[in-house]
Amino acid sequence: HHGILVPLSRLKASREVESVDLPNCRLIKGIETGAEDIDILPNGLAFFSVGLKFPGLHSFAPDKPGGILMMDLKEEKPRALELRVSWGFDLASFNPHGISTFIDDDDTVYLFVVNHPEFKNTVEIFKFQEEENSLLHLKTIKHELLPSVNDVIAVGPSHFYATNDHYFSDPFLKYLETYLNLRWANVVYYSPEEVKLVAEGFDSANGINISPDKKYVYVADILAHEIHVLEKQPNMNLTQLKVLQLGTLVDNLSIDPSSGDIWVGCHPNGQKLFVYDPNHPPSSEVLRIQNILSEKPSVTTVYINNGSVLQGSSVATIYDRKLLVGTLYQRALYCEL
């Protein structure tokens with residue numbers, strides 16, 4: 001089990017949190033088994049990856065497949081609706097993890113989804129059909145360089161960067177790798193023409209995103225409690241520019257397209273996350289990082305909850321002063337800032 005094999009310092013096992021509240025928040029109806037990742041289109045349509053299941057991870061609905069939900073943030077009172085998926089795609093084993101949207105020159109919207117059917121590792125590419133509120137499945141990508149995929153950032157219609165949170169796909173070898181602190185987690189670039197390793201040496205590479213000008217890629221290393229800033233080269237390789245230490249388990253990264261700020265869903269106490277106890281639930285934490293490229297980036301704690309409302313926040317994303325906060329296996333929050 002995770003909790004036993006990971007050194008407690010890396011899980012921040014002793015950390016207790018002081019609340020930081022936001023006034024105008026409500027839990028989103030219909031999300032009760034996690035919304036591990038969220039991505040929002042420029043027109044305010046938000047996609048939620050729900051129902052992630054993992055060996056050793058708590059689930060409130062272990063037998064229900066995962067899905068993709070959508071919410072229109074331009075509505076007065078937005079609500080989450082499940083998107084239909086085109087026939088021919090196996091929904092019974094759908095186990096979505098990190099997600100990313102991409103808008104092509106002809107305005108086609110693609111949704112990339114990390115999927116773990118039977119705990120395997122694939123990246124699914126869908127075309128979003130707005131008129132029908134549905135996803136048309138285009139392709140399933142599997143590759144030996146994608147053994148333990150956590151998150152993706154799409155950079156083309158079938159082009160993406162992906163994080164592997166472990167080097168091995170076998171569960172026992174994963175535990176060993178983490179326990180021995182091998183730092184073999186990595187980032188891979190995938191395109192139909194070439195697939196290559198572009199960054200390595202992470203404890204556990206998790207959330208990944210890209211700056212609005214597409215020059216920098218940001219990677220969260222959850223067990224090292226840090227965010228790596230990497231510069232994107234013309235050949236799609238990445239070179240490390242800097243590392244920002246944060247003192248909390250950083251999960252997914254979202255970018256505010258208007259400011260370039262990074263919004264981070266964090267786990268203040270990883271032990272509670274992996275060893276679920278309803279009497280001592282995992283807490284939630286949202287950070288906002290401004291000017292990450294500068295000498296002194298500013299890090300603001302926007303929200304902290306001890307688990308009484310929101311347990312195990314994994315993502316926080318912003319659209320027009322509306323904040324969405326998703327969790328690994330519990331609820332999701334909608335706030336008006």
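Residues Phe47 and Leu333 do not share a hydrophobic cluster, defined by chaining ILVMFWY side chains whose heavy atoms lie under 4.5 Å apart. Tracing side-chain contacts under 4.5 Å through hydrophobic residues (I, L, V, M, F, W, Y), one never reaches Val17 starting from Leu22; they form parts of separate clusters. Taking hydrophobic clusters as Ile, Leu, Val, Met, Phe, Trp and Tyr residues chained together by side-chain heavy-atom distances below 4.5 Å, Leu27 does not share a cluster with Leu69. Hydrophobic clustering (ILVMFWY, side-chain heavy atoms < 4.5 Å, transitive): Ile31 and Val315 are in one cluster. Hydrophobic clustering, with ILVMFWY side chains joined whenever heavy atoms are under 4.5 angstrom apart, groups Val195 together with Leu197.
In this structure, Tyr189 has its ring center no closer than 6.0 Å to that of Phe160. Ring pair Phe112/Phe126: centre-to-centre distance not below 6.0 Å.
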Stepwise side-chain contact (heavy atoms from CB on, under 4.5 Å) test for Asp221 and Val250:
CA-CA 7 Å; Asp221 190 335; Val250 284; 5.8 Å; no
| query | Step by step, would you call Ile255 with Thr317 a side-chain contact (heavy atoms from CB on, under 4.5 Å)? | reply | CA-CA 7 Å; Ile255 310 298; Thr317 183; over 6 Å; no
(request) Could you please spell out the steps behind the side-chain contact (heavy atoms from CB on, under 4.5 Å) verdict for Val219 and Ile227? (result) CA-CA 6 Å; Val219 178; Ile227 295 175; over 6 Å; no
Between Arg79 and Lys29, is the side-chain contact (heavy atoms from CB on, under 4.5 Å) condition met? List the steps. CA-CA 7 Å; Arg79 49 201 190 99; Lys29 198 167 178 283; over 6 Å; no
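Residue pairs meeting the salt bridge (charged side-chain N to carboxylate O under 4.0 Å, His left out) criterion with at least one partner in residues 33-45, sequence neighbours excluded, do not occur; the list is empty. Within the structure, salt bridge (charged side-chain N to carboxylate O under 4.0 Å, His left out) contacts touching residues 245-268 (residues at least two apart or in different chains) are Asp261-Arg288. Applying the disulfide (SG to SG under 2.5 Å) rule to pairs touching residues 232-337 yields Cys25-Cys335, sequence neighbours excluded. Sorted pairs that involve residues 45-71 and meet salt bridge (charged side-chain N to carboxylate O under 4.0 Å, His left out), not counting sequence neighbours, are lacking altogether.
Residues Val188 and Leu145 approach most closely at CG2-O, 3.3 Å, considering heavy atoms. Listed here is the closest heavy atom pair of Leu273 and Tyr329: O-OH, 2.7 Å. When all heavy atoms are compared, the tightest approach of Gln311 to Phe60 is OE1-CZ, 4.3 Å. The minimum heavy-atom distance between Pro65 and Leu91, with the atom names listed, is CB-O, 3.3 Å. Closest approach of Ala332 and Ala35 over heavy atoms only: CB-CB, 4.3 Å. In terms of heavy-atom proximity, Tyr319 sits nearest to Leu41 at CE1-O, 4.0 Å.
Looking only at side-chain heavy atoms (C-beta outward), Arg84 and Leu135 stay at 4.5 Å or farther from each other. For the pair Phe89 and Leu136, the minimum side-chain heavy-atom distance is 4.5 Å or more. In this structure the side chain of Ile318 reaches within 4.5 angstrom of the side chain of Leu337, judged on heavy atoms. Residues Met71 and Leu45 fail the side-chain proximity criterion, which asks for heavy atoms closer than 4.5 Å. Proximity of His267 to Glu285: side-chain heavy atoms (C-beta onward) are nowhere separated by under 4.5 Å. Side-chain atoms of Thr101 and Tyr110, non-hydrogen and from C-beta on, never get closer than 4.5 Å to each other. Using a 4.5 Å cut-off on side-chain heavy atoms (C-beta onward), Ser49 and Ile99 make contact.
Atom NZ of Lys142 sits in a sparse spot, with 12 or fewer heavy atoms from other residues, nucleotides or ligands closer than 6.0 Å. Atom CD of Glu194 has more than 12 neighbouring heavy atoms from other residues, nucleotides or ligands inside a 6.0 Å radius. The number of heavy atoms from other shown groups lying within 6.0 Å of CG (Asp105) does not exceed 12. Heavy-atom neighbours of Arg26 CZ from other residues, nucleotides or ligands within 6.0 Å: above the threshold of 12.
The backbone N or O of Val325 sits nowhere less than 3.5 Å from a side-chain atom of Tyr334 that would complete a donor-acceptor pair. Listed for the Lys322 side chain is a donor-acceptor partner under 3.5 Å among the backbone atoms of Leu73. Counting only distance, with no hydrogens or angles, the side chain of Asn121 and the backbone of Pro147 share a donor-acceptor pair below 3.5 Å. Without hydrogens or angle criteria, Asn291 side chain to Ser294 main chain gives no donor-acceptor distance under 3.5 Å.
Here Gln129 pairs with Ser134 under the side chain to side chain donor-acceptor pair (under 3.5 Å) rule; sequence neighbours left out. Residues forming a side chain to side chain donor-acceptor pair (under 3.5 Å) with Asp90 (at least two apart in sequence, or on another chain): Ser93. Taking the side chain to side chain donor-acceptor pair (under 3.5 Å) definition, one finds that Glu124 meets it with Asn115, Thr122, His137, Thr140, sequence neighbours left out. Every residue two or more places apart in sequence or in another chain was checked for a salt bridge (charged side-chain N to carboxylate O under 4.0 Å, His left out) with Lys242, and none qualifies.
To the nearest 0.5 Å, atoms CZ (Phe48) and CD1 (Ile40) are separated by 7.5 Å. In this structure, the separation between CD1 on Ile38 and CG on Leu324 is 5.0 Å, given to the nearest 0.5 Å. Rounding to the nearest 0.5 angstrom, the gap separating the OG atom in Ser284 from the CG atom in Asn269 is 11.5 Å. In this structure, Gln330 CD and Ser59 OG are separated by 12.0 Å, a value rounded to the nearest 0.5 Å.
Aromatic ring pairs are classed by plane angle as parallel below 30°, tilted from 30° to 60° and perpendicular above 60°; the pair His58 and Tyr276 is parallel. Note: Tyr190 and His143 have perpendicular aromatic rings, judged against thresholds of 30 and 60 degrees for the angle between ring planes.
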Less than 3.5 Å apart, which donor and acceptor atoms pair up between the side chains of residues 149-158 and the rest of the protein, not counting sequence neighbours?
unit_1	atom_1	unit_2	atom_2	d
Asn150	ND2	Asp165	OD2	2.9
Asp151	OD2	Ile208	N	3.0

Counting only pairs under 3.5 Å, give me each side-chain donor-acceptor contact of residues 295-306, with atom names and distances, residues two or more places apart or in other chains.
unit_1	atom_1	unit_2	atom_2	d
Ser298	OG	Gln290	OE1	3.2
Asn305	OD1	Gly307	N	2.9
Asn305	OD1	Ser308	N	3.1
Asn305	OD1	Val309	N	2.9
Asn305	OD1	Leu310	N	3.1
Asn305	ND2	Ser308	OG	3.2
Asn306	OD1	Ser308	N	2.9
Asn306	OD1	Ser308	OG	3.0

Per-pair distances, 0.1 Å, donor-acceptor, side chain in residues 233-241, under 3.5 Å, sequence neighbours excluded:
unit_1	atom_1	unit_2	atom_2	d
Gln233	NE2	Thr239	OG1	2.7
Asn235	OD1	Asn237	N	2.9
Asn237	OD1	Lys196	NZ	3.0
Gln240	OE1	His228	ND1	2.7

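Side-chain contacts under 4.5 Å among hydrophobic residues (ILVMFWY), followed directly or transitively, place Trp87 with no other residue at all.
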